[in-house]
Number of protein chains: 2
Amino acid sequence: MLSQTEENYLKAIYSIGLHTGKSVSTNNIAEELDTKASSVTDMIKKLSEKKLVDYKKYQGTNLTSKGKQIAVKIVRKHRLWEVFLVNNLNYAWDEVHDLAEQLEHIKSDTLINKLEEFLEFPTHDPHGDPIPDKEGNIEHHKNVMLSSIEENNTCKVLGVKDSSSAFLKFLDSKKITLGSSIKVISKEEFDNSITIEINNELFSISHLISKNLFVKKI
Amino acid sequence: MLSQTEENYLKAIYSIGLHTGKSVSTNNIAEELDTKASSVTDMIKKLSEKKLVDYKKYQGTNLTSKGKQIAVKIVRKHRLWEVFLVNNLNYAWDEVHDLAEQLEHIKSDTLINKLEEFLEFPTHDPHGDPIPDKEGNIEHHKNVMLSSIEENNTCKVLGVKDSSSAFLKFLDSKKITLGSSIKVISKEEFDNSITIEINNELFSISHLISKNLFVKKI
DNA sequence: TAAAATATTTAGATAAGTCTAAAAAATATA
DNA sequence: TATATTTTTTAGACTTATCTAAATATTTTA
Ligand SMILES: [Mn+2]
Ligand SMILES: [Mn+2]
Ligand SMILES: [Mn+2]
Ligand SMILES: [Mn+2]
């Protein structure tokens, strides 16, 4: 049985690896988990002995398939709990992450499958992130950002890349939610800000915003 | 913020104290938590420094009001989670205790209140145990056991004293559930077994069974 | 390609929670 | 009430996860 700490390391290595593709560096993990590099080295050695990561000194870390399987399972739990909190307990989408960080460590083979059934097999969490199935299969975003949509095209919001409370509350204030239709009216070359139309209203959003919204052209 | 271990000690002291009334002994706590007396002494000292228990060497332990408040809150969380697991996730009443032992340690001021609302403010858990309210008020059982009911009286099952899986499964097999009406037909002096009528069926149950069922005369 | 900067690992320390074995106190027994 | 038994505490050690400071390896820069 893994400790919460070990699970958090596996999840961190998984999510860093998803973005970068390459081996995951000690410093990256330390930053992700808000700890020191020396602590990371210690834990990596332990995970390596348990065959959950491949590790060679100074060469970075990769999850083994066993390690990846565990990491994905934790992601699955995290996202299903987030769905429960938003859909059934009336939490807002910016309030659930920290709670899910706790709930994802509840140990039970049956619980998460029963929860999934209770939630009627959702495919995405409240932030638009895909929920892995029982077998660990996961359909990743196509990574089309609002910032890449051309003028006069309309798209639908599928998810957020940054799911910080600050960003989510900003979206709330602009009435941008998952499923919103957004038409790109014009793009400003100078600062990459764009003018968009949503619910028949026009306004301008910065590049920082548009590059953090996953969308699909329609 | 208390650790899970500290919370478990407080809960153990609380539940031992409920039964006995007196100061709680080091050995009792050790037995309840399946640990050694020396470990208990160490932890008691720590809890005493935090003003969560009153402790004098060799004199046993009592919860302070602050300690009791925390213990009751954990009981509240435990029982509300049990209701969720049985009512919404279709767990059987003998399957939920260990999961609730984990879930009761989730830290959140809002979560348990939202859960309570979602569950529509249940007053008792799946084993008939009363659920403390937000303020920590709790209505304890009147402690009337089936074994104390006289012949030819009918009563209603309110709860179980022993909530081990073995006992609960036995009750399942006899179709005894919370709310069941039981008529005491006859009592056997020799071994204190009794013959009861339930759902128009007669059968005999041992003293061990009848003294573990909370009932109310009707 | 050698020096400088950065990244990573090692060494040694600390805190929480646990254990065994031994000492001390309280309680039971004779 | 003296002795035996039981309970509780203390002493010292171990594990996990963390840290700081120092050493070592890798990468960048000139
Ligand atoms: Mn999250
Ligand atoms: Mn999410
Ligand atoms: Mn329980
Ligand atoms: Mn219960």
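It should be emphasised that the depicted structure is a prediction, and the values quoted were computed from it without experimental measurement. Chain letters run A, B, ... following the sequence lines, proteins first, then strands; residues in each count from 1.
Checking A/Ser23 against A/Asn62 by side-chain atom types alone, a donor-acceptor pair falls below 3.5 Å. A donor and an acceptor atom, one from each side chain of A/Asn27 and A/Ser25, are nowhere located under 3.5 Å apart.
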For nucleotides 1-7 of chain D, just jot down a letter per nucleotide in 5' to 3' order: B, S or -, based on protein non-hydrogen atoms under 4.0 Å. ------S
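In terms of the salt bridge (Lys or Arg N to Asp or Glu O under 4.0 Å) criterion, residue partners of A/Lys73 (sequence neighbours excluded) are, by chain and number, A/Asp109. In this structure B/Phe214 satisfies the ring-ring contact (aromatic ring centres under 6.0 Å, His included) test together with B/His141, sequence neighbours excluded. With sequence neighbours excluded, the residues forming a salt bridge (Lys or Arg N to Asp or Glu O under 4.0 Å) with A/Asp94 are A/Lys169, listed by chain and number.
Atom NZ of A/Lys11 and atom CD1 of A/Ile70 lie 14.0 Å apart (nearest 0.5 Å).
One interatomic measurement links the two molecules: NZ of A/Lys36 to P of D/dT18, which rounds to 13 Å at whole-angstrom precision. Distance B/Gln4 CD to C/dA16 P: 16 Å, rounded to the nearest Å. Distance CD1 (A/Ile29) to C1' (C/dT9): 14 Å, rounded to an integer number of Å. A/Gln59 places its CD atom 12 Å from the P atom of D/dA25, with the value rounded to the nearest Å. Atom CG of B/Leu47 is separated from atom P of C/dA16 by 12 Å (rounded to the nearest Å). Between the CG atom of A/Leu33 and the P atom of D/dT18 there is a distance of 8 Å, rounded to whole Å. Between B/Glu31 atom CD and D/dT8 atom P there is a gap of 11 Å when expressed in whole angstrom units. A straight line from NZ of B/Lys50 to C1' of C/dA16 spans 10 Å, rounded to a whole angstrom.
Screening residues 85-107 of chain A for ring pair (Phe, Tyr, Trp, His ring centres under 6.0 Å), with sequence neighbours left out, gives A/His78-A/His97.
Enclosure of atom CD in B/Glu151 by more than 12 non-hydrogen atoms of other residues, nucleotides or ligands within 6.0 angstrom is indicated.
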What does the list of N/O pairs under 3.5 Å between the protein and nucleotides 10-12 of chain D look like, with a distance for each?
{"from": "D/dT10", "atom 1": "OP1", "to": "B/Lys57", "atom 2": "NZ", "distance (Å)": "2.6"}
{"from": "D/dT10", "atom 1": "OP2", "to": "B/Lys45", "atom 2": "NZ", "distance (Å)": "2.3"}

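Shown here for A/Asp125 and A/Arg79, the closest heavy-atom pair between the two residues is OD2-CG, 3.4 Å.
The residue among A/Glu6 and B/Val24 whose nearest nucleotide of DNA chain D lies closer to the 5′ end is B/Val24.
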